[in-house]
Amino acid sequence: MPANGPLLTVGELAARSGVAVSALHYYGARGLLPALRSAGNQRRYPRSALRRVAFIRAGQQLGIGLAEIADALERLPAQRTPTKADWARLSAAWRDRLDARIAALQALRDRLDGCIGCGCL
């Protein structure tokens with residue numbers, strides 16, 4: 001992971017990304033968020049880690065598991081930070097699954113409205 005410019009501490013990355021330090025450590029342990037180490041063995045992140053965290057969070061919000069997100073990130077050359085084009089390509093496989101979940105939730109909602117209306121609950 002190249003370091004272009006000043007590095008962020010884990011606390012700075014947490015504050016800027018809105019993700020808890022413990023979650024960032026967990027992402028690192030799962031191989032999702034590699035860190036550089038300072039001379040004092042403290043984690044340091046390039047600013048590009050912010051985009052990587054955003055990618056992870058977006059995937060999670062879609063209901064994608066961390067293992068599958070990690071697999072998608074591993075497809076990037078040299079653990080590069082995902083670009084907009086990468087997101088479009090990687091998330092395309094998730095779109096059909098998301099559409100199916102939306103349809104299932106809408107059907108559930110529609111049946112629920114019917115049950116409330118008929119009084120069977």
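Side-chain contact between Leu8 and Pro46: absent, with no pair of heavy atoms (C-beta onward) separated by less than 4.5 Å. Pro82 has its side chain out of reach of Trp87: every pair of non-hydrogen atoms, C-beta onward, lies at least 4.5 Å apart. Side chains of Tyr26 and Leu66 form a contact here, defined as non-hydrogen atoms less than 4.5 Å apart.
When atom types are taken as modelled, the side chain of Arg101 and the backbone of Leu62 share a donor-acceptor pair closer than 3.5 angstrom.
Within a 6.0 Å radius of CZ in Arg95, other residues, nucleotides and ligands contribute 12 heavy atoms or fewer.
The CG atom of Leu13 sits 10.5 Å away from atom CZ of Arg47, with the distance rounded to the nearest 0.5 Å. The line from OG of Ser91 to CD1 of Ile69 is 11.5 Å long, rounded to the nearest 0.5 Å. Here CG of Asp99 is found 5.5 Å from CD1 of Ile102. Values are rounded to the nearest 0.5 Å. Here the CG-OG distance, from Leu24 to Ser22, works out to 8.0 Å after rounding to the nearest 0.5 Å. The CZ atom of Arg51 sits 13.5 Å away from the CD1 atom of Ile56 when rounded to the nearest 0.5 Å.
Phe55 pairs with exactly one of Thr83, Leu90, Asp86 by the side-chain contact (heavy atoms from CB on, under 4.5 Å) rule, that one being Leu90.
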Legend entry - Residue pair Leu50, Val53: steps toward the side chain to side chain contact (heavy atoms under 4.5 Å, CB included) verdict: CA-CA 5 Å; Leu50 287 165; Val53 171; 5.9 Å; no

Legend entry - Stepwise side chain to side chain contact (heavy atoms under 4.5 Å, CB included) test for Tyr45 and Thr9: CA-CA 6 Å; Tyr45 301 90; Thr9 66; over 6 Å; no

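For Arg16, there are no salt bridge (charged side-chain N to carboxylate O under 4.0 Å, His left out) partners at least two apart in sequence or on another chain.
Residue pairs satisfying the side-chain hydrogen bond (donor to acceptor under 3.5 Å, both in side chains) criterion with at least one member in residues 55-72, sequence neighbours excluded, are listed as follows: Tyr27-Gln60, Arg57-Gln60, Glu68-Trp94, Glu68-Arg97, Asp71-Arg75.
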Between side-chain atoms of residues 31-40 and protein atoms elsewhere (two or more places apart, or another chain), which donor-acceptor pairs fall under 3.5 Å?
unit_1: Arg37; atom_1: NH1; unit_2: Asn41; atom_2: O; d: 2.8
unit_1: Ser38; atom_1: OG; unit_2: Gly40; atom_2: N; d: 3.2
unit_1: Ser38; atom_1: OG; unit_2: Asn41; atom_2: N; d: 3.4
unit_1: Ser38; atom_1: OG; unit_2: Gln42; atom_2: N; d: 3.0

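The shortest non-hydrogen separation linking Ala20 to Ala14 is C-CB, 4.3 Å. The minimum heavy-atom distance linking Val21 with Gly11 is given by the pair CG2-CA, 4.3 Å.
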